[in-house]
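In what follows, every heavy atom counts, from backbone to side chain, and hydrogens, waters and symmetry copies are set aside. Being a predicted model, the structure only gives us computed values, none of them experimental. Order of appearance sets the numbers: ligands from 1, and atoms from 1 within every ligand.
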Amino acid sequence: MSDASDRSQKLPPGMVIGPDGKPCKICTAFRNWKPKTSTASMAAIAAGRLQSDQEPDTRPAYCPPDVEQLGRATWTFLHTTAAYYPERPTPNQRANMLNLLHSLPILYPCSHCASHLGEVMKTNPPDVSGQFALSRWLCERHNEVNERLGKKLFDCSKTDERWKDGPPDGSCD
Ligand SMILES: Cc1cc2nc3c(=O)[nH]c(=O)nc-3n(C[C@H](O)[C@H](O)[C@H](O)COP(=O)(O)OP(=O)(O)OC[C@H]3O[C@@H](n4cnc5c(N)ncnc54)[C@H](O)[C@@H]3O)c2cc1C
């Protein structure tokens, strides 16, 4: 058996292997990466402050983001940027937006996320013609990831509603 397949046999479920053949931290959700019970949690369980089935699944603030935190932050950035993109962008604004989107499959730290996005962008090039079209394009790309991960799909016809004023008692101001 090769080293790589030998290694993958021993991997915990959910652990992702990076392009270098090693476990990829930024590609893996923290709950699949961390040891089942951390030293701090074992101490808390021993001291009676935590039940063994109550171990928190959140990362300490000093740790780098995992695939989920990075994903949430990136989608927030991308959807917000699209929402503030002009309906009639100048050629320069279009070029800058294209640069931003085309750099993701190269620079996004989660390697398998980046390569999926790169593949998808070959058949569905970014539509930077205006705010509505761009928001829709991003919503559809986000839904493709949602679908791959078995998550609920977002209704892309409602993308812009997220940015409209809420009810009088639900203001974001
Ligand atoms: C480009 C990219 C590729 C990714 N690829 C992978 C991958 O291959 N494997 C992997 O495990 N993770 C991947 N991720 C991370 C993944 O998409 C999620 O961000 C992560 O799993 C956390 O999910 P979440 O349920 O908290 O909500 P997220 O999917 O991060 O969404 C955040 C919020 O956005 C809203 N939302 C959901 N869907 C849409 C939509 N279609 N349009 C507009 N708003 C929406 C919802 O309010 C949701 O709560 C990728 C992230 C990015 C940015």
Problem set entry | Any protein heavy atom < 4.0 Å from atom 48 (C) of ligand 1 | no

For this session: Look at the SG atom of C110 and the SG atom of C24, then say if they are under 2.5 Å from each other.
Result: no

For this session: List the closest protein heavy-atom neighbour of atom 3 (C) of ligand 1: residue, atom name, distance to the nearest 0.1 Å.
Result: C113 CB, 3.7 Å

Problem set entry | Donor-acceptor pair, side chain of D127 and main chain of L134, under 3.5 angstrom | no

Exercise. Relative to the heavy atoms of H116, which atoms of ligand 1 are at a distance of less than 4.0 Å?
Worked result: 8 (O)

For this session: Determine whether any heavy atom of R148 lies closer than 4.0 Å to an atom of ligand 1.
Result: yes

For this session: Could you tell me whether L149 approaches ligand 1 through its side chain, its backbone, both or neither, with non-hydrogen atoms closer than 4.0 Å?
Result: side chain

Problem set entry | side-chain contact (heavy atoms from CB on, under 4.5 Å) between C156 and T159, intermediate numbers included | CA-CA 5 Å; C156 290; T159 305; 4.0 Å; yes

Exercise. With a 4.0 Å heavy-atom cut-off (strictly under), which part of E140 contacts ligand 1: side chain, backbone, both or neither?
Worked result: neither

Exercise. Considering distance alone, does some N or O of N146 sit under 3.5 Å from an N or O of ligand 1?
Worked result: yes

Exercise. What residue and atom, counting heavy atoms only, is the protein's closest point to atom 40 (C) of ligand 1, and at what distance?
Worked result: F154 CB, 3.3 Å

Problem set entry | atom 35 (C) of ligand 1 - nearest protein heavy atom and its distance | R162 NH1, 3.6 Å

Problem set entry | Exam field: side chain W137 to backbone F132, donor-acceptor pair closer than 3.5 Å | no

Exercise. So which protein heavy atom does atom 28 (P) of ligand 1 come closest to, and at what separation?
Worked result: H142 NE2, 3.6 Å

Exercise. Among protein heavy atoms, which lies nearest atom 51 (C) of ligand 1, and at what distance?
Worked result: W75 NE1, 3.3 Å

Exercise. Can you hop from I26 to V67 via hydrophobic side chains spaced under 4.5 Å?
Worked result: no

Exercise. Should E119 and S115 be marked as a side chain to side chain donor-acceptor pair (under 3.5 Å) after you check the CA-CA gap, both sets of side-chain angles, and the distance that decides it?
Worked result: CA-CA 6 Å; E119 284 309 307; S115 74; over 6 Å; no

Exercise. Charged N to carboxylate O below 4.0 Å: is that the case for R148 and E144?
Worked result: no

For this session: Enumerate the atoms of ligand 1 whose separation from the nearest heavy atom of T74 is less than 4.0 angstrom.
Result: 53 (C)

For this session: Give a yes/no on ligand 1: does N143 have at least one heavy atom closer than 4.0 angstrom to it?
Result: yes

Problem set entry | Within reach of ligand 1, part of R72 (heavy-atom separation under 4.0 Å) | both

Exercise. Is at least one protein non-hydrogen atom found at under 4.0 angstrom from atom 22 (C) of ligand 1?
Worked result: yes

Exercise. Is the cationic atom of R72 (NZ for Lys, CZ for Arg) positioned less than 6.0 Å from the six-membered ring centroid of W75 and within 45 degrees of its normal?
Worked result: no

Seminar exercise, completed: Of all protein heavy atoms, the one nearest atom 9 (N) of ligand 1 is H112 NE2, 3.4 Å

Exercise. side-chain contact (heavy atoms from CB on, under 4.5 Å) between L101 and L78: does it pass, once the steps are laid out?
Worked result: CA-CA 9 Å; L101 296 171; L78 291 173; 4.3 Å; yes

Exercise. Do K22 and I17 pass the side-chain contact (heavy atoms from CB on, under 4.5 Å) test, and can you show the C-alpha distance, the side-chain angles, and the key distance before you say yes or no?
Worked result: CA-CA 5 Å; K22 294 181 185 159; I17 294 296; over 6 Å; no

Problem set entry | Pair L117-Y108, side-chain contact (heavy atoms from CB on, under 4.5 Å): steps then yes or no | CA-CA 10 Å; L117 183 65; Y108 196 65; over 6 Å; no

Exercise. Nearest to atom 42 (N) of ligand 1, what protein heavy atom do you find, and at what distance?
Worked result: C139 SG, 3.3 Å

Exercise. How far is atom 25 (O) of ligand 1 from its nearest protein heavy atom, and which residue and atom name does that atom have?
Worked result: K151 NZ, 2.9 Å

Problem set entry | Closest to atom 19 (O) of ligand 1 among G71, C27, G14 (heavy-atom distance) | G71

Seminar exercise, completed: One finds that the ligand 1 atoms under 4.0 Å from a non-hydrogen atom of H79 are 42 (N), 43 (C), 44 (N)

For this session: Between R141 and ligand 1, find which residue part has any heavy-atom pair under 4.0 Å and reply side chain, backbone, both or neither.
Result: neither

Problem set entry | Heavy-atom gap V145 to ligand 1 smaller than 4.0 Å | yes

Exercise. For N92 and T90, does a side-chain donor sit closer than 3.5 Å to a side-chain acceptor?
Worked result: no

Exercise. Should we count CD of Q93 as having more than 12 external heavy atoms under 6.0 Å?
Worked result: yes

